[in-house]
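By convention here, the first residue in the shown sequence is residue 1. All figures in this text were calculated on a predicted structure; none of them were measured in a lab.
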Amino acid sequence: MCQRMMKFAWDNYKQYAFGKNELRPLTKNGHIGNMFGGLRGATVVDALDTLYIMELEEEFQEAKKWVEKSFDLNVNGEASLFEVNIRYIGGLLAAYYLTGEEVFRSKALELGEKLLPAFNTPTGIPRGVINLGSGMSWSWGWASAGSSILAEFGTLHLEFLHLTELSGNPVFAEKVMNIRKVLNRVEKPQGLYPNFLSPVTGNWVQHHVSIGGLGDSFYEYLIKSWLMSDKKDSEAKKMYDDALEAIEKHLVRRSAGGLTYIAEWRGGILDHKMGHLACFSGGMIALGAEHASEERKQHYMDLAAEITNTCHESYARSDTKLGPEAFRFDTGTEAMATRLSERYYILRPEVVESYMYMWRLTHDLKYRQWGWEVVKALEKHCRVEAGFSGIRDVYTTVPTHDNMQQSFFLAETLKYLYLLFCEDDVLSLDDWVFNTEAHPLPVNHTNFKTKASVQ
């Protein structure tokens with residue numbers, strides 16, 4: 001079923017938007033957007049590994065051919081360092097490791113080089129926006145006081161280590177190891193990492209802490225850096241353990257109705273809301289629990305299951321059985337969006353991502369049941385004549401579509417659903433670590449051979 005959905009999403013993208021970044025399925029045209037600095041084909045690069053593991057061979061060859069013939073890196077425009085890294089570099093690296101095809105490696109390295117000028121700051125903490133042509137970089141206009149964002153500069157580690165591995169050029173690894181050094185040095189309020197840091201002074205700019213957007217993948221990359229190093233990067237593991245302890249102490253709360261959630265922290269005051277983006281944390285905590293000390297292991301598995309259950313409730317309590325962008329616990333309602341501006345669903349993957357990890361680590365059948373509910377809801381409410389679209393309000397069964405088939409729907413949502421129903425040895429968690437766009441990168445075992453290493 002997930003394979004059929006992927007083929008439908010891909011075929012429509014190919015028919016109406018091939019080479020553009022995303023498909024607009026209602027108007028049957030392509031969208032370019034301004035996140036990728038003039039790069040094109042975000043859906044192609046994001047979908048490569050999913051097409052490959054689903055054995056959609058013809059479609060994979062179409063995508064590969066586009067990368068070979070039409071993927072132009074000589075562009076001039078402002079790009080999000082973070083988005084280009086997780087979607088394009090992550091997608092190309094994964095495609096290379098899965099297939100051993102040289103074109104993916106060389107494109108990843110060429111693009112990686114173009115990101116390096118963003119790190120030319122007094123601290124080495126990169127700025128968030130870079131012109132891929134001129135190398136000029138600056139901070140997001142909306143980020144407070146020219147600061148860089150934790151989830152952006154903290155979500156480069158996995159990919160940049162692989163860029164060094166594949167190029168023999170230490171500069172990529174040096175850049176991300178320096179980021180870690182700055183983070184280790186700076187004082188953490190209550191052991192927490194705020195979302196905004198000045199790339200000039202290396203100090204926090206304001207004390208807003210979130211496991212959702214702006215913070216999320218920084219924590220994920222700590223535990224995954226340790227796993228990817230074959231459990232040798234003990235510094236990453238310690239940072240993860242300490243951060244999780246602080247999160248549990250200061251942010252994890254239980255609602256009156258018995259739901260465990262992770263609140264946001266604004267200078268010591270809790271905001272009792274959880275974003276859809278924060279729902280990856282169930283899977284992350286389960287992944288980390290496997291490697292916790294014996295007496296903490298069960299504790300963390302329970303916490304992971306409770307958070308995943310809360311995220312499931314945010315789906316179950318909506319009329320479409322899809323979850324809102326953010327849900328609250330501060331008025332009588334629980335696990336529901338209370339603001340109109342938070343009721344949308346844009347085909348996000350974080351909830352099914354946690355179902356996939358929980359299934360693989362517990363084999364409790366309810367996670368497959370919950371995943372199947374999502375498949376049915378996507379088919380019913382998001383599938384349109386020419387692709388899949390996000391919806392503007394999950395609490396109405398006659399939803400308005402947003403006319404956007406996000407590239408991450410093909411990279412992540414459909415991949416995690418597929419893996420939830422696969423055997424555990426398809427992209428085994430022992431051998432692969434997923435970047436935050438669900439692109440699999442190999443664990444650095446001495447004895448694990450990818451297609452790339454056989455070449």
Next item on the list: Keeping the roles fixed (side chain from Y395, backbone from A337), state whether a donor-acceptor pair exists under 3.5 Å.
Entry: yes
Note to self: Using the rule given for side chain to side chain contact (heavy atoms under 4.5 Å, CB included), can you reason through R343 versus E325, listing the C-alpha separation, both sets of side-chain angles and the distance that settles it, and then say yes or no?
What the structure shows: CA-CA 6 Å; R343 293 174 154 218; E325 180 68 5; over 6 Å; no
Notebook entry, point to check: So Y367 and Y355, would you call those rings parallel, tilted or perpendicular, with 30° and 60° as cut-offs?
Noted result: tilted
Check: Can any side-chain N or O of S229 pair as donor or acceptor with the backbone N or O of K232 at less than 3.5 Å?
Finding: yes
Next item on the list: May I ask you to decide if L39's main-chain N or O and N21's side chain share a donor-acceptor pair within less than 3.5 Å?
Entry: yes
Check: Below 4.5 Å, heavy atoms only, C-beta onward: do T50 and L410 meet side chain to side chain?
Finding: no
Item checked: Atom pair OG/CE of S210 and M274 - distance to nearest 0.5 Å -> 9.5 Å
Item checked: Any donor-acceptor pair under 3.5 Å from T123 side chain to P199 backbone -> yes
Margin query: Assess, by modelled atom type and distance only, whether the side chains of S389 and D402 contain a donor and an acceptor separated by less than 3.5 Å.
Written below: yes
Next item on the list: Please report the closest heavy-atom contact between S167 and L109, naming both atoms and the distance.
Entry: CB-CD2, 3.6 Å
Next item on the list: Give a yes or no on whether D271 atom CG has more than 12 heavy-atom contacts from other residues, nucleotides or ligands under 6.0 Å away.
Entry: yes
Item checked: SB check E62 K65 (cutoff 4.0 Å) -> no
Note to self: If I take atom SG from residue C279 and atom NE2 from residue H312, how far apart are they, to the nearest 0.5 angstrom?
What the structure shows: 11.5 Å
Notebook entry, point to check: Can R328 and R339 be said to form a side chain to side chain contact (heavy atoms under 4.5 Å, CB included), step by step?
Noted result: CA-CA 9 Å; R328 295 182 176 269; R339 304 175 183 188; 3.2 Å; yes
Notebook entry, point to check: Does T164 reach the main-chain N or O of A173 with its side chain, forming a donor-acceptor pair under 3.5 Å?
Noted result: yes
Notebook entry, point to check: Do side-chain atoms of Y345 reach the backbone of R348 as a donor and acceptor pair under 3.5 angstrom?
Noted result: yes
Check: Taking the six-membered ring of F36, is NZ or CZ of R87 closer than 6.0 Å to its centre and within 45° of its axis?
Finding: no
Item checked: E437 side, atom CD; T155 side, atom OG1 - distance, nearest 0.5 Å -> 11.5 Å
Check: Would you say the side-chain atoms of N120 and S137 include a donor-acceptor pair closer than 3.5 Å?
Finding: no
Margin query: With rounding to the nearest 0.5 angstrom, report the CG to OH distance, L222 to Y193.
Written below: 6.5 Å
Notebook entry, point to check: Is there a side chain to side chain contact (heavy atoms under 4.5 Å, CB included) between F218 and L183 once you walk through the steps?
Noted result: CA-CA 11 Å; F218 161 67; L183 286 172; 3.6 Å; yes
Next item on the list: Compute the centroid of each ring, for F160 and then for F119, and state whether the two points are separated by less than 6.0 Å.
Entry: yes
Check: Y16 versus P25: any side-chain heavy-atom pair under 4.5 Å?
Finding: no
Check: Taking atom types as modelled, is there a side-chain donor on Y96 or H162 under 3.5 Å from an acceptor on the other?
Finding: no
Notebook entry, point to check: When rounded to the nearest 0.5 angstrom, what distance separates OH in Y219 from CE in M239?
Noted result: 10.0 Å
Margin query: Just so I know, are the side chains of Y97 and P440 near enough to count as touching, which here means a heavy-atom distance under 4.5 Å?
Written below: no
Checklist line | Trace of the ring pair (Phe, Tyr, Trp, His ring centres under 6.0 Å) decision for Y88 with F71 | finding: CA-CA 11 Å; Y88 284 92; F71 185 31; 5.7 Å; yes
Note to self: Atom CE of residue position M1 - does it have more than 12 heavy atoms of other residues, nucleotides or ligands inside 6.0 Å?
What the structure shows: yes
Check: Are F434 and L429 close enough that some pair of their side-chain heavy atoms sits under 4.5 Å apart?
Finding: yes
Item checked: Q405 side chain to N12 side chain, donor-acceptor N/O pair below 3.5 angstrom -> no
Check: Between A9 and F388, which heavy-atom pair has the shortest distance, and what is it?
Finding: CB-CD1, 4.1 Å
Checklist line | Least distance between heavy atoms, R180 atom then A236 atom | finding: NH2-CB, 3.5 Å
Check: Quick one: does S148's side chain have a donor or acceptor within less than 3.5 Å of a partner on P126's backbone?
Finding: yes
Margin query: For a quick test of reading the model, state the closest non-hydrogen atom pair linking T413 to V352 and the distance between them.
Written below: O-CG2, 4.0 Å
Margin query: Closer than 4.0 angstrom, basic N to acidic O: yes or no for K14 and E59?
Written below: no
Next item on the list: Could you tell me whether the side chains of E159 and Y221 share a donor-acceptor contact shorter than 3.5 Å?
Entry: yes
Margin query: Looking at every non-hydrogen atom in both residues, tell me the closest pair between K451 and Y52 and how far apart they are.
Written below: NZ-OH, 2.7 Å
Next item on the list: Take D46 and H439, measure what side chain to side chain contact (heavy atoms under 4.5 Å, CB included) needs, and give me the verdict at the end.
Entry: CA-CA 8 Å; D46 244 355; H439 295 307; 2.7 Å; yes
Next item on the list: Start with the C-alpha gap between E165 and N444, add the side-chain angles, then the distance that decides, and say whether side chain to side chain donor-acceptor pair (under 3.5 Å) holds.
Entry: CA-CA 10 Å; E165 175 89 359; N444 191 12; 5.0 Å; no
Checklist line | W204 to L197 - nearest heavy-atom pair and separation | finding: CE3-CD1, 3.4 Å
Next item on the list: Kindly indicate, with the supporting measurements, whether the criterion ring pair (Phe, Tyr, Trp, His ring centres under 6.0 Å) is fulfilled by Y261 and F327.
Entry: CA-CA 10 Å; Y261 62 96; F327 44 93; 8.7 Å; no
Notebook entry, point to check: In Å and rounded to the nearest 0.5 Å, what is the CZ to OG distance from R360 to S428?
Noted result: 7.0 Å
Checklist line | Side chains of Y344 and H276, donor plus acceptor under 3.5 Å | finding: no
Checklist line | K237 and D233 ion-paired at < 4.0 Å | finding: no
Notebook entry, point to check: Hey, does W226 have a side-chain heavy atom less than 4.5 Å from the side chain of K231?
Noted result: yes
